[in-house]
Amino acid sequence: MASILTLGQQRKAGTAARKVGGYGELIRLETERRKAKGQGKIVLEASTGRYIFQPKKTAPAS
Amino acid sequence: MALTLGLLASVLVLLPGLAVLAAFNFRTRRGGARRPELALTTISALVMAAAVSIVVHLVAWAAIEGALAFVTALHDAYPVLDLGPKIENPLTSFFAAVAGNKPMAFSGAVALGMVLITEMVALVNFVLGETFELAFDEYDLNGQGWVFEHITRPAENGYTPVGHVFTATMSGKYGIAYKGPIIDIRQGDKGEILSIALARPERFLYELGTFDDDPPKKSWIERLLPGDAEEAEPHSGVRHHEKDYAGGVVALDARVINNIVVRSIADELLEQIDEEVPDEPEVPLA
């Protein structure tokens with residue numbers, strides 16, 4: 001048998017999922033984070049009440 | 001040399017190789033889902049132990065020769081520095097003793113012990129280190145198949161695999177599904193899934209069938225963007241119903257599993273949520 005995640009990792013994943021409203025939301029945030037190449041922060045979107053991963057503002061490539 | 005002493009001597013000769021095997025088995029057992037007790041077969045283990053031992057002894061012998069030559073030259077240049085008589089290369093005298101020619105001096109035996117310990121520490125560090133990890137990055141050493149690519153490797157490299165496990169439908173239409181980080185997955189001899197365990201999962205009802213009352217589920221961003229309105233068309237699919245947190249660990253046997261979907265979430269994102277998202281107020285469940 002293999003224990004894949006430690007207790008700490010399980011707790012972290014579970015807490016993060018509860019904070020943002022479920023594992024589905026977590027997966028969506030991860031997709032957004034990958035699109036933004038990991039640069040950005042998590043903000044609460046007022047209109048929908050959901051957390052989104054907002055990409056860091058970069059200077060437009062002229 | 002007596003037989004028992006000969007055995008002890010050969011174990012000592014092979015000690016670095018055995019240390020590599022022990023370290024290797026330790027690391028593969030950690031990620032092994034299938035028959036972890038057979039990380040390496042006996043013959044390949046013997047070959048590997050002997051080969052690694054020969055190479056490491058050679059390198060250590062060369063290093064000791066160099067060090068001895070260096071301190072001798074230092075003593076010749078500065079005769080004031082005198083820390084006692086020069087010892088023979090412990091590996092040379094050890095192999096001479098194993099071959100039965102002459103007994104080892106006490107200082108040589110102590111030096112040999114130190115050399116062997118140094119060799120083992122270096123090898124174990126190498127096997128457990130990141131260099132070795134990178135060298136064998138793409139090799140599925142335990143024959144885990146897709147579990148290796150989608151669960152084991154991501155979990156060992158800073159991702160948390162989140163599994164959606166759909167259990168068999170009771171009525172042919174409705175079924176219970178769980179969604180949560182995969183903490184344990186077991187495979188049989190042929191690589192088939194035996195069981196899967198999820199930590200702190202969400203439990204929800206899913207429905208298979210034909211729906212004609214609403215358009216296909218779009219992602220939230222598509223819903224925000226203005227677009228042509230979809231006409232309601234009957235379509236078949238899966239629909240998720242209300243979810244709740246089951247908590248603890250849920251272990252599911254292969255008999256009840258219909259389907260498994262795995263997505264990986266970067267631990268960095270979890271850290272970021274941990275730091276940036278406040279505990280309260282909690283977002284109500286969708």
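The sequence lines fix the lettering, A, B, ..., with proteins before strands; numbering per chain opens at 1.
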Worksheet, complete the sentence: Greatest number of non-hydrogen atom pairs under 4.5 angstrom with chain B, of A:L29, A:T31, A:I42, falls to A:I42
Item to complete: Identify, with sequence neighbours excluded, every residue that meets ring pair (Phe, Tyr, Trp, His ring centres under 6.0 Å) alongside A:F53.
Response: none
Fill in: Min side-chain heavy-atom separation A:K19-B:D274 under 4.5 Å
yes
Worksheet item: Pick from B:I182, B:T160, B:D267: which one has the most heavy-atom pairs with chain A under 4.5 Å?
Response: B:I182
Worksheet item: So, A:Q10 side chain and B:P181 main chain: donor-acceptor pair closer than 3.5 Å or not?
Response: no
Discussion item. Can you confirm whether A:R18 sits close enough to B:R200 that some side-chain heavy atom of one is under 4.5 Å from a side-chain heavy atom of the other?
Written reply: no
Practice prompt. Give, for atom CD of B:E202 and atom OH of A:Y23, the distance between the pair rounded to the nearest 0.5 Å.
Written response: 6.5 Å
Worksheet entry | Region of B:H164 that comes under 4.5 Å of a non-hydrogen atom in chain A | side chain
Practice prompt. Side chain from CB out, backbone as N, CA, C, O: work out which of these in A:L7 comes under 4.5 Å of a heavy atom of chain B, or both, or neither.
Written response: neither
Discussion item. So if I take each residue of residues 253-265 of chain B and look for any heavy atom under 4.5 Å from a heavy atom in chain A, which residues do I end up with?
Written reply: B:R263, B:S264, B:I265
Worksheet, complete the sentence: Residues passing the ring pair (Phe, Tyr, Trp, His ring centres under 6.0 Å) test with B:Y159, sequence neighbours excluded, are none
Worksheet item: Considering only heavy atoms, which portion of A:R34 lies under 4.5 Å from any heavy atom of chain B: side chain, backbone, both, or neither?
Response: side chain
Practice prompt. Answer yes or no: is there a donor N or O on one side and an acceptor on the other, between the side chain of A:K12 and the main chain of B:E271, under 3.5 Å?
Written response: no
Practice prompt. State which residues pass salt bridge (charged side-chain N to carboxylate O under 4.0 Å, His left out) with A:E32; sequence neighbours excluded, sorted by chain then number.
Written response: A:R28
Worksheet item: For chain A, which of B:A199, B:A266, B:P201 has the most heavy-atom pairs under 4.5 Å?
Response: B:A266
Worksheet item: Any side-chain heavy atom of B:L270 within less than 4.5 Å of one from A:L26?
Response: yes
Worksheet item: Non-hydrogen atoms of chain A under 4.5 Å away: do they reach the side chain of B:E268, the backbone, both or neither?
Response: side chain
